[in-house]
Amino acid sequence: MNHESFQVKESERTTNSWDMFATWIGANANNGTWFVGGVLAACGFALATKILVLSSALSYIFLSLVGYIGYKTGLSTMTIARASFGERGSYLPSLVNITQFIGWTAVNTFIAAQSVSLLLKDLLNIHNETIGLTIGIIVMSILHILSVASASKSIQLIERIGVALVFIFVIWESIAVFKAVSLNQIISWKVPNSSKMALGNAIDYVAAFNLAWVTAGADFTRFTKKKHNSTIAPFLGALTGVIWFAIIGLISTISIAITSGVYNANNSDPSTIASKLGLGIVALLVIILTSMTANAVNLLAAGSALSNIFPKIKLKHSLWIVVIAATIVTFIPMFVGSFLETFESFLDYVGMVLGPIVAIICTDYYFVKKKNYDITQFGEKLGKYWYKSGINWKAVIVFIAGIIVFVLGKNFIVLSNTVGITFIDMLICSLLYLSLMKN
């Protein structure tokens with residue numbers, strides 16, 4: 001297949017600095033980020049804030065690295081993966097990307113569906129939670145189809161509107177929180193011993209949340225003409241968004257624990273928080289909007305990955321397919337345990353599979369290929385990136401090794417209580433891939 005079918009042409013690169021910055025703030029201006037912040041309340045305010053800033057900043061360095069590759073090549077992240085995993089081997093990271101972005105879409109959709117359920121309860125007196133959530137999931141799925149109707153152009157419009165409205169909502173929620181409790185009370189609040197989260201586990205959760213965006217980096221930076229729009233703007237936008245919104249989730253969850261006298265991690269989601277803070281119907285509507293804002297990015301990334309596997313499927317049709325798949329996945333928490341347990345299991349999965357993939361892609365471009373990809377060879381059978389039968393088995397071996405290291409590391413108490421396993425796993429994968437490719 002001609003490489004030009006993969007590459008964004010110079011004339012199509014219209015994303016400016018503000019659009020790129022707003023896209024990445026908007027990516028984290030969502031329900032999932034609030035929920036992560038609420039979950040981090042199990043570390044206490046001071047430690048949670050340090051973990052959030054440091055783990056996020058380190059994760060988003062990789063976003064800039066992948067973003068630069070997208071800018072230089074004009075290719076999506078999963079197309080770029082063909083150079084390291086092979087033309088057919090890239091289907092592996094593409095499948096991982098599809099599953100994880102469908103998962104994130106489901107997370108945001110389920111939280112928004114909770115808001116719809118609460119609205120139905122308040123406005124139409126529908127008290128059956130199962131019926132409310134079902135209607136909510138269907139409504140959100142329809143809105144998602146509309147939001148991705150014209151791919152990147154509609155997504156940019158949603159981000160512009162969404163960021164402005166979400167900013168207003170964050171200020172509103174912050175005022176509600178500090179009317180109930182003081183900042184000093186939040187900082188001084190102690191986590192019950194039975195609910196404390198280990199330091200390493202918290203670092204891994206934040207890393208997994210942030211690395212999820214890294215594999216979408218080039219999908220957006222390939223639409224810009226300027227280098228700083230591919231590196232600095234995504235880094236600052238994503239970091240600003242995650243710190244801003246996770247801290248709102250953090251202080252909101254702690255404030256509810258202080259005022260109620262009981263800490264319950266299941267009260268960390270935005271819909272529950274808005275309800276308990278008495279923010280009303282408008283707040284629930286904004287939560288629904290933020291789901292659309294974040295999921296526009298999630299769905300575009302999943303759709304791009306699907307198109308990498310099946311190039312003949314148009315991006316618009318790929319987006320419709322992943323919306324339908326995400327709708328089905330969103331129903332899972334209704335039947336399997338609590339939403340919090342499902343969410344934490346999902347984060348473990350994301351960290352386990354994405355760390356090795358990101359490490360391999362970055363190591364291949366910057367150290368093995370020395371920033372020199374031959375664009376004309378992408379999509380070529382028996383070409384430069386065909387390797388053996390279309391698969392670079394060395395990359396596959398490193399990916400499997402990375403999963404094994406992650407699983408073993410998660411059960412190593414010293415790591416769980418200190419630095420976590422995610423970044424160590426990425427370093428091991430990088431060194432192993434570099435060693436294998438030089439031999």
Side-chain angles (χ1 to χ4, degrees), residues 29-39 102-149 158 161-162 165-166 168-170 172-173 176-177 180 245 248-249 252-253 255-256 259-260 264-296 298-299 320 322-343 346:
N30 66 69
N31 307 314
T33 314
W34 266 315
F35 198 31
V36 166
V39 171
I102 285 176
W104 283 117
T105 300
V107 167
N108 285 308
T109 301
F110 191 86
I111 295 173
Q114 289 177 313
S115 290
V116 174
S117 180
L118 290 171
L119 286 173
L120 293 173
K121 181 180 178 180
D122 292 340
L123 300 177
L124 301 177
N125 204 32
I126 298 177
H127 292 272
N128 188 304
E129 186 178 7
T130 301
I131 293 176
L133 285 173
T134 300
I135 294 173
I137 291 170
I138 294 172
V139 168
M140 291 308 305
S141 298
I142 292 171
L143 292 175
H144 290 149
I145 291 175
L146 295 175
S147 74
V148 298
I158 291 170
I161 298 172
L165 291 179
V166 168
I168 295 171
F169 177 63
V170 167
W172 182 18
E173 184 168 327
V177 166
F245 280 81
I248 293 299
S252 299
T253 302
S255 72
I256 291 173
T259 55
S260 68
N264 183 353
N266 286 295
N267 290 334
S268 305
D269 70 272
S271 297
T272 300
I273 289 173
S275 178
K276 288 183 177 294
L277 289 174
L279 297 183
I281 293 173
V282 175
L284 297 176
L285 290 172
V286 174
I287 289 172
I288 292 170
L289 174 65
T290 64
S291 173
M292 291 178 62
T293 302
N295 282 346
N298 289 326
L299 293 167
W320 293 349
V322 295
V323 168
I324 293 170
T327 301
I328 296 171
V329 172
T330 306
F331 283 98
I332 292 177
M334 294 176 63
F335 305 101
V336 183
S338 71
F339 178 55
L340 176 62
E341 291 172 348
T342 306
F343 182 64
F346 173 63

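For reference, positions follow the sequence shown, starting with 1.
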Rounded at 0.5 Å granularity, tell me how far [atom1] in [X] sits from [atom2] in [Y].
X: Q114; Y: L119; atom1: CD; atom2: CG; result: 12.0 Å
X: L299; Y: W104; atom1: CG; atom2: CH2; result: 14.0 Å
X: T253; Y: I248; atom1: OG1; atom2: CD1; result: 11.0 Å
X: T134; Y: E129; atom1: OG1; atom2: CD; result: 10.0 Å
X: I138; Y: L133; atom1: CD1; atom2: CG; result: 11.0 Å

Might you point out which heavy atoms bring [X] and [Y] nearest each other, and give the distance in Å?
X: A180; Y: T259; value: CB-CG2, 4.1 Å
X: N298; Y: N295; value: ND2-OD1, 2.9 Å
X: M140; Y: A113; value: CG-N, 4.4 Å

- Message: Once ring-ring contact (aromatic ring centres under 6.0 Å, His included) is applied, what residue pairs with a partner in residues 109-131 remain, sequence neighbours excluded?
- Response: F110-F339
- Note on the structure: For L120, the side chain to side chain contact (heavy atoms under 4.5 Å, CB included) test, sequence neighbours excluded, returns V116, L124, I126, I135
- Intermediate values then yes/no, side-chain contact (heavy atoms from CB on, under 4.5 Å), V36 and F245: CA-CA 9 Å; V36 166; F245 280 81; over 6 Å; no
Counting only pairs under 3.5 Å, give me each side-chain donor-acceptor contact of residues 324-336, with atom names and distances, residues two or more places apart or in other chains.
{"residue": "T327", "atom": "OG1", "partner": "S141", "partner atom": "OG", "Å": "2.6"}
{"residue": "T327", "atom": "OG1", "partner": "V323", "partner atom": "O", "Å": "2.8"}
{"residue": "T330", "atom": "OG1", "partner": "A326", "partner atom": "O", "Å": "2.6"}

- Query: Any sub-3.5 Å donor-acceptor pair from S252's side-chain atoms to G249's backbone N or O?
  - Reply: no
